[in-house]
Amino acid sequence: MIDAGHHDRAGRAVTLRPVDDDNWRAVADVAPRDDQRDWVPALAARYLLLTMRSDVWTSLAVYADETVVGHVMWGVDDDGSHWIGGMVIDASEQGRGIGRAAVATLAGWLAAREGHPAVRLSYHPDNTAAAALYTALGFHPTGAMEDDELVAELAAPPR
């Protein structure tokens, strides 16, 4: 479990845990709001399949106390940089600070790992909510693009 002591606005502890036999179904069923489907898949199940079929990505379940509320994944690029990707917070749980806590938790954990040059993520330019969140957490656009998404890099670990 990755626990940085972050909480959502309701005071629930937000932690990141491995996807396992007990929680994978709940993670697979995580679904964003309909208006977010231009940027993320309809279900987190797609990200779970990606991590099963790739050596690059590792899926994590996002918990609020003892309830699965989301998915996020991380990976290491060829240059050694650490990436955050595939974050989906269930539509029923959005607007409660869970995404902010999840990104802060994972970014801090990745930044503390030895031998990495950077922590990066990417987001679609039209996803203004993601841009605002990541900027508030210390990510700054690098000017690079990954597919049709802007790449941002962490200036300093979030607190």
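None of the values given here were measured: they were computed from a predicted structure.
The shortest heavy-atom contact between Leu154 and Ala111 is CD2-CB, 4.4 Å. The minimum heavy-atom distance between Pro32 and Gln94, with the atom names listed, is CA-NE2, 4.0 Å. Across all non-hydrogen atoms, the minimal contact from Leu106 to Met73 is CD2-O, 4.0 Å. Here the closest non-hydrogen pair linking Asp148 and Pro125 is O-CD, 3.3 Å. Residues His7 and Val14 come closest through the heavy atom pair C-CG2, 4.1 Å.
Residues forming a ring-ring contact (aromatic ring centres under 6.0 Å, His included) with Trp57 (at least two apart in sequence, or on another chain): none. Taking Asp35 as the reference, Arg33 meet the salt bridge (charged side-chain N to carboxylate O under 4.0 Å, His left out) condition, with sequence neighbours excluded. Contacts of Tyr123 classified as ring-ring contact (aromatic ring centres under 6.0 Å, His included), with partners at least two apart in sequence or in another chain: Tyr134. Among residues two or more places apart in sequence or in another chain, the salt bridge (charged side-chain N to carboxylate O under 4.0 Å, His left out) test is passed with Asp34 by Arg37.
For CG of Asp20, the number of neighbouring non-hydrogen atoms (other residues, nucleotides, ligands) closer than 6.0 Å is greater than 12. Dense packing is recorded around CE of Met145, with more than 12 heavy atoms of other residues, nucleotides or ligands lying under 6.0 Å away.
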Worksheet item: Passes side-chain hydrogen bond (donor to acceptor under 3.5 Å, both in side chains), His71 versus Ser59? Steps please.
Response: CA-CA 7 Å; His71 170 274; Ser59 280; 2.7 Å; yes

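Legend: salt bridge (charged side-chain N to carboxylate O under 4.0 Å, His left out) pairs involving residues 95-104, not counting sequence neighbours, sorted by first then second residue: Glu93-Arg96. Within the structure, the salt bridge (charged side-chain N to carboxylate O under 4.0 Å, His left out) test picks out the following pairs touching residues 62-71 (sequence neighbours left out): Arg17-Glu66.
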